[in-house]
There are 2 protein chains.
Amino acid sequence: MNIGDVSSRSGLPAKTIRYYEDIGLIKPHRSANGYRCFAETDLHKLAFLGRARALGFTIEDCRTLMALYEDESRASADVKQLALEHLAKIEEKIADLQAMHDTLSELVKCCAGDSRPDCPILKDLSGES
Amino acid sequence: MNIGDVSSRSGLPAKTIRYYEDIGLIKPHRSANGYRCFAETDLHKLAFLGRARALGFTIEDCRTLMALYEDESRASADVKQLALEHLAKIEEKIADLQAMHDTLSELVKCCAGDSRPDCPILKDLSGES
DNA sequence: TCTTGACCTTCCCCTAACTGGAGCCCTCAT
DNA sequence: ATGAGGGCTCCAGTTAGGGGAAGGTCAAGA
């Protein structure tokens, strides 16, 4: 398979696939003409990476997950721990965003949003509380 | 004031303050020795920027917000619109993160997390559903 | 056979919002 | 005079790729 085929079958842009090769996540063979030559296992790995990235895992997490996936003697506890740590980061981000959301929506609610200059949002940002 | 004073009074790292000058958000004067020389208004602007950034506004949003703040004839509607657009982006991010969270926590729940290799998280990532 | 268009290659720069560090200068106290 | 603790500029790196240039390859049609 050429990169275009793998791209459409995995849903990942060709750029991303080349990047993943660059950083050593996959190692496709090369044809005589220099084109990358992907096997089914490469496609499978790329799909794995795509799903892990969609769950928000970092590239380094993906590297670890792939290694665990390929290690037949892994302990599921290791996978679970990685997932739990990631989950904690997600929860932290949600909490941060939620706090911003709450503050900002409160300010927005207090802003008339008309043609007059008086604005509680700017007032808050400027420190006049 | 030197940059260290402004840094401790605004809570922003000196590096960040230099960066904000670089991109034109503030324009402190210079002393004869080449040191940045901050006025109270600069400090006030930096505090404004710090609060806006803490609410998740991008630097470009901050630039616009500062311009609105300094424009005595602004319409509060313009501020409110910017805030509402930002709020929408925040909500989108929260929804994305929440979806990741739900999927991942479901997988985690199904994973024994022991010394055996069998792992529903890896199984899901590998596409065996 | 030639050409055209689609595909592939590498290479380099760009993103946001800083952070870290090197190498150097300035000032003040000892 | 010297050492500590500022300050200065400039360069590189961070995440996870995206955009685009310059050029090689391949298959189909005229």
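Predicted model, so just to flag it, every value in this text is computed and none were measured. Lettering follows sequence order; numbering is per chain, from 1.
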Nearest whole Å is fine: how far is dG7(D) C1' from H29(B) NE2? 19 Å
How many whole angstroms separate atom CZ of R18(A) from atom P of dC11(C)? 12 Å
Nucleotide nearest K15(A) (side chain, heavy atoms from C-beta), chosen from dG18(D), dA17(C), dT9(C): dG18(D)
Taking the basic N atoms (NZ, or NE/NH1/NH2) and the acidic carboxylate oxygens, is any pair closer than 4.0 Å for K27(B) and E21(B)? no
Atom-to-atom span, OH of Y19(B) to C1' of dC8(D) - whole angstrom: 19 Å
Please report the distance, rounded to the nearest Å, between CD1 in I3(B) and P in dT19(C). 12 Å
Under a 4.0 Å heavy-atom cut-off, which of residues 32-60 of chain A touch DNA chain D? N33(A), Y35(A), R53(A), T58(A), I59(A)
Do T64(B) and F57(B) come within less than 4.5 Å of each other through their side chains, counting heavy atoms only? no
With a cut-off of less than 4.0 Å, is there a side-chain N or O of T16(A) near OP1 or OP2 of dA16(D)? no
So, E60(B) and R63(B), do they make that salt bridge, N to O below 4.0 Å? yes
May I ask you to verify if any side-chain N or O of Y20(A) is less than 4.0 angstrom from the OP1 or OP2 atom of dG17(D)? yes
Between the side chains of K109(B) and E106(B), is the shortest nitrogen-to-carboxylate-oxygen separation below 4.0 Å, so that they form an ion pair? yes
Starting at atom CG of D22(A), determine the distance to atom P of dT15(D), rounded to an integer number of angstrom. 15 Å
Check whether any side-chain N or O of R30(A) sits under 3.5 Å from a backbone N or O of Y35(A) as a donor-acceptor pair, and report yes or no. no
With a 4.5 Å limit on heavy-atom distance, are the side chains of C37(A) and N2(A) in contact? no
Figure out the CG/C1' separation between D61(A) and dA16(D), and round it to whole Å. 14 Å
Taking atom P of dT19(C) as reference, at what distance in whole Å does atom CD1 of I17(B) sit? 11 Å
